[in-house]
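Please read the structure below before turning to the comments.
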Amino acid sequence: MVDVIFDVDTGHDDAIAIMTALTYPEKINILGITTVAGNQTVEKVTDNTLKLLDYLGCFIPVAAGLTRPIRYPLEVQPEAHGESGMDGPVLPPAKSRTLGIHAVEFLRKTLEESDRKVTVIALAPLTNLAFFIRMYPELISKIEKIEMMGGSLYAGNITEKAEFNIYHDPDAAKIVFESGIPIVMSGLEVCRKAAIPHDAMEQLKGKGKVSQLVYELLYFYCHYSRERGWDSSEIFDITPVFHILWPELFESKYYHIGIETESPAYRGMTAADFRGDRDRTKDRTEVLLDVNLEKYQERFFETIAKLEKMLKQDLSH
Ligand code: BDR
Ligand code: CA
């Protein structure tokens, strides 16, 4: 059983990642969820998180965090996630509320009180974590590892060179990558390999409360790929959760990753040191490179069916 804290900017794929973790309470114990500005403003992504949890009938502590990156202006992504940050499904207004303490304070309190090490699943710009590392360095050792979605070895998505989560707050990413905390990086390469076919998504339609929600989330989220005639889409943020649940599905390699914070053309680039003939003791980031696609896709649909069943059982009690 792994104790985890999610750090998210919910977000279609963040939402499905949270749902995936909720499906396996015997393997993943969610201590809380912190939110941060990224896909949309922190107010919107926090509201999306609360609405999702309410819809699923789950109580998990939520704490809202930083409202903008350390240095660069906030650049939200309505093209990818819509004006709400999670356009598509229309969920009832959230009834539950956040804890009313800042995300960074929630991280401090939770890690201080935990007698076991905690894994952070970071699916958003790394601003909350960077502040936490700078403010409470004595608690860094309580983090087992950071399982993150972000970065890429080769091409970017938001720019030619950078992936969105790292591009958005490269200063924060630099602090996190230089902190010494073990990092498992689900970058664009492995996420792209783990794409889910659109025709299989169609089969979720009308099947039940969970399947319909995932269908509506994906229908909006995949508009970009559909418009380009692609027949599958990556659901980026689920990959770190899949790696925790089923590490045997992945292949990885350790690299030293440098973060570019200055150059406009390369801002947010996660530069791996590929040289072979050098001191490899600095290779501390485990980069996921490949995945068993057939099994990954199987697990994806099994998970939705399992959560559907769990929810029905819960409701019938
Ligand atoms: C990342 O950016 C966000 O839009 C997604 O939620 C994911 O975390 C992909 O680049
Ligand atoms: Ca995200």
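Whatever order the structure lists ligands and atoms in, that order sets their numbers, starting from 1. Numbers here are sequence positions counted from 1.
- Every atom of ligand 1 with a heavy atom of N165 under 4.0 Å away is listed here by number and element: 1 (C), 2 (O), 7 (C), 8 (O).
- Considering only heavy atoms from C-beta on, V8 stays 4.5 Å or farther from D237 through its side chain.
- Salt-bridge check for E105 with K109: failed, with every basic side-chain N at 4.0 Å or more from each acidic carboxylate O.
- Cation-pi geometry between K209 and Y55 is met: under 6.0 angstrom from the ring centre, within 45 degrees of the axis.
- Taking the six-membered ring where tryptophan is involved, the planes of H12 and Y221 are essentially parallel, since the angle between them stays under 30° and well short of 60°.
- Ring orientation note: the planes of Y154 and F274 are close to parallel, at an angle under 30° on the 30°/60° scale.
- Tested against L213 for a side chain to side chain contact (heavy atoms under 4.5 Å, CB included), the candidates L218, L91, I304 yield a single pass: L91.
- No heavy atom of Q77 sits closer than 4.0 Å to any atom of ligand 1.
- Listed by atom number, the atoms of ligand 1 under 4.0 Å from F236 heavy atoms are 9 (C).
- Around the Ca ion (ligand 2), the protein contributes the following N, O or S atoms at distances under 3.0 Å: D9 OD1, D14 OD1, D14 OD2, L123 O, D237 OD2.
- Near E163, meaning under 4.0 Å from any of its heavy atoms, are these atoms of ligand 1: 1 (C), 2 (O), 9 (C), 10 (O).
- A salt bridge does not link E302 to K295: none of the charged side-chain nitrogens sits closer than 4.0 Å to a carboxylate oxygen.
- Considering only non-hydrogen protein atoms, atom 2 (O) of ligand 1 sits nearest to F164 CD2, 3.4 Å.
- Atoms CG and CD1, from D14 and I235 in turn, are 12.0 Å apart once rounded to the nearest 0.5 Å.
- Of all protein heavy atoms, the one lying nearest to atom 3 (C) of ligand 1 is N39 OD1, 3.1 Å.
- Classification of the Y136-F132 ring pair by plane angle, with boundaries at 30° and 60°, yields tilted.
- Residue contacts with ligand 1 for N157 involve side-chain atoms from C-beta outward but no N, CA, C or O (heavy atoms, distance under 4.0 Å).
- In this structure, D54 and P92 have side chains that are not in contact, with every pair of non-hydrogen atoms separated by 4.5 Å or more.
- Heavy atoms of H81 come nearer than 4.0 angstrom to ligand 1 in at least one pair.
- The distance criterion of under 3.5 Å between nitrogen or oxygen atoms is not met by M149 with respect to ligand 1.
- Remark: R284 is not positioned above the aromatic ring of F177, lacking an NZ or CZ atom under 6.0 angstrom from the ring centre and at most 45 degrees off the axis.
- Formation of a donor-acceptor pair under 3.5 Å by the Q40 side chain with backbone atoms of E83 is found in this model.
- Close approach of ligand 1 to D237 (heavy-atom distance below 4.0 Å) involves ligand atoms 5 (C), 6 (O), 7 (C), 8 (O).
- For atom 6 (O) of ligand 1, the closest non-hydrogen atom of the protein is D13 OD1, 2.7 Å.
- Below 4.0 Å from some heavy atom of D14 lie the following atoms of ligand 1, by number and element: 6 (O).
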